[in-house]
There are 2 protein chains.
Amino acid sequence: MKSLLRYDRTVTYHHGDLRRTLLAETASAIAEDGVAKLSMRALAKRAGVSNAAPTYHFGDKSGLLTALATEGYDRLAEAMSGVDESGGLIDRGVAYVEFALACPSHFTVMFQPRLLHDDDGELTASRQRAWAALSVGVATTRSGPDSDFGVAAWSLVHGYATLVLSGAVEPEDALRQARIVAGHLVEGADRSR
Amino acid sequence: MKSLLRYDRTVTYHHGDLRRTLLAETASAIAEDGVAKLSMRALAKRAGVSNAAPTYHFGDKSGLLTALATEGYDRLAEAMSGVDESGGLIDRGVAYVEFALACPSHFTVMFQPRLLHDDDGELTASRQRAWAALSVGVATTRSGPDSDFGVAAWSLVHGYATLVLSGAVEPEDALRQARIVAGHLVEGADRSR
DNA sequence: CAAGTATCTTGTCAATGAAAAGTTTGCTCC
DNA sequence: GGAGCAAACTTTTCATTGACAAGATACTTG
């Protein structure tokens, strides 16, 4: 009897997969109402556990968001690595925007250090991996004494994603537009090289 | 006796300029600790008034931030209008970044609609004026069926400002770099025209 | 100067984040 | 197989917060 129930997560005292569940619920809660209205207690209720359960796993609210940001950096690194390196800068830029629109909660939190334990070990490690994956395409196609072009490319896609997510730019077909937008930069830089 | 005290703001019951003071204190409080840690009560203490004083002027926390965002849009419009129209797109882009770095709290709040009463009348009016002031330079230099280039230019400067403010890009000399970064886009677009 | 209104205060309430202390479960080691 | 132990979760508590209601004070207008 007991052995049968052991793996029934709805009945057992131990949830078994709570950390993952809480991260997922956090992401969707933020996507719905924004980070400001995120409540640890509401989150706990949503996951069907008690008040203090999230605190156990993440220490505090900042810890929860730190974990979410870390997951975000991991996913971003993965997304950037998934693009064929020969695909060119534009494809990589589109992948960046694609990630931001697919994981808006992660993306938002990743760039608000004040919400996080910014010196957390796993966070900085994941962030560094993501930065590395990001700069691959830029560094190989045009190396130079300064990385101003890299900053420009990053600014462009990051700004576009941010503006779309904030509602300032209406995304008729965001990815198509992202491609065109990125094209302006790369095309110009190629000619001026 | 009473008539002497009438204009002493530290003593009089009525502050006289509280709304403005609260907005300023809000901006500096956010600049120090971020929006998340902004407390109405702490703000009131900071301004030397009671708990409910801010609520009286702004209704609620969102109202306070809405007023701050409105002020931000006004300042942005002013900043963009201040640039000589013949100065070119790059100067206008630099002005945008300059505004963002000079008023980080305003800038942050302006692009987080969830923190605001997004349908507020004054807010939308100021926002529309700012948008108009923003698009002047773009529309006049290159008009076309679509405004993709305008979106690209905006994305570039907005992204750069955001990345610098979030600490993702270290600003050695942010405005110099902004100029170079913007140059990549405009220069390229000019040649490809 | 009297009435009325704008501005600010005091007091209260439910919700929240965080921590302390207790309870249950699963694992390990003999 | 069971005793001990650590991990996972709960219950309780406390200070802080945003929001509201009701009261106090100052200004203003007729």
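These numbers come from the heavy atoms of this one structure, side chains and all, not from hydrogens, waters or symmetry mates.
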Exercise. Of the non-hydrogen atoms in Tyr73(A) and Ala130(A), which two are nearest, and what is the gap between them?
Worked result: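 Where Tyr73(A) meets Ala130(A) most closely, the heavy atoms are O-CB, 3.6 Å.
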Just how far, in rounded Å, is [atom2] of [N] from [atom1] of [X]?
| X | N | atom1 | atom2 | result |
| --- | --- | --- | --- | --- |
| Met40(A) | dT10(D) | CE | P | 13 Å |
| Lys37(A) | dA15(C) | NZ | C1' | 15 Å |
| Phe58(B) | dC20(D) | CZ | C1' | 18 Å |
| Leu18(B) | dC8(C) | CG | P | 5 Å |
| Arg20(B) | dC8(C) | CZ | P | 13 Å |
| Asp17(B) | dC27(D) | CG | P | 14 Å |
| Leu65(A) | dG17(C) | CG | P | 11 Å |
| Leu64(B) | dA19(D) | CG | C1' | 14 Å |

Counting heavy atoms from C-beta on, name the nucleotide in [options] closest to the side chain of [X].
| X | options | value |
| --- | --- | --- |
| Tyr56(B) | dT10(D), dA6(C), dT9(C) | dA6(C) |
| Ala52(A) | dA20(C), dA19(D), dT7(C) | dA20(C) |
| Ser50(A) | dC20(D), dT11(D), dC8(C) | dT11(D) |
| Asn51(A) | dT7(C), dT11(D), dC9(D) | dT11(D) |
| Arg41(B) | dA19(D), dT10(C), dG17(C) | dA19(D) |
| His57(A) | dT9(C), dC9(D), dA18(C) | dC9(D) |
| Lys61(B) | dC8(C), dG17(C), dG18(D) | dG18(D) |

For this session: Would you mind classifying the nucleic acid contact of Leu38(A) as base, sugar-phosphate or nothing, using non-hydrogen atoms under 4.0 angstrom?
Result: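 Here Leu38(A) touches the backbone only, sparing every base.
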Exercise. Is Ser39(A) touching bases, backbone alone, or none of the nucleic acid, heavy atoms closer than 4.0 Å?
Worked result: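 Sugar-phosphate contact only.
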Exercise. In terms of side-chain geometry, is the basic nitrogen of Glu32(B) or Arg46(B) positioned less than 4.0 Å from the acidic oxygen of its partner?
Worked result: yes
Problem set entry | Under-4.0 Å salt bridge between Asp118(A) and Arg127(A) |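 Between Arg127(A) and Asp118(A) there is a salt bridge, with a charged N closer than 4.0 Å to a carboxylate O.
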Exercise. Going from CG on Leu68(B) to NE2 on His106(B), what distance comes out if it is rounded to the nearest 0.5 angstrom?
Worked result: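 Leu68(B) atom CG to His106(B) atom NE2 measures 4.0 Å (nearest 0.5 Å).
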For this session: Evaluate whether atom CD of Glu25(A) has more than 12 neighbouring non-hydrogen atoms of other residues, nucleotides or ligands under 6.0 angstrom away.
Result: yes
Exercise. Between Thr55(B) and Arg19(A), which is nearer to the 5' end of DNA chain D once each is assigned its nearest nucleotide?
Worked result: Arg19(A)
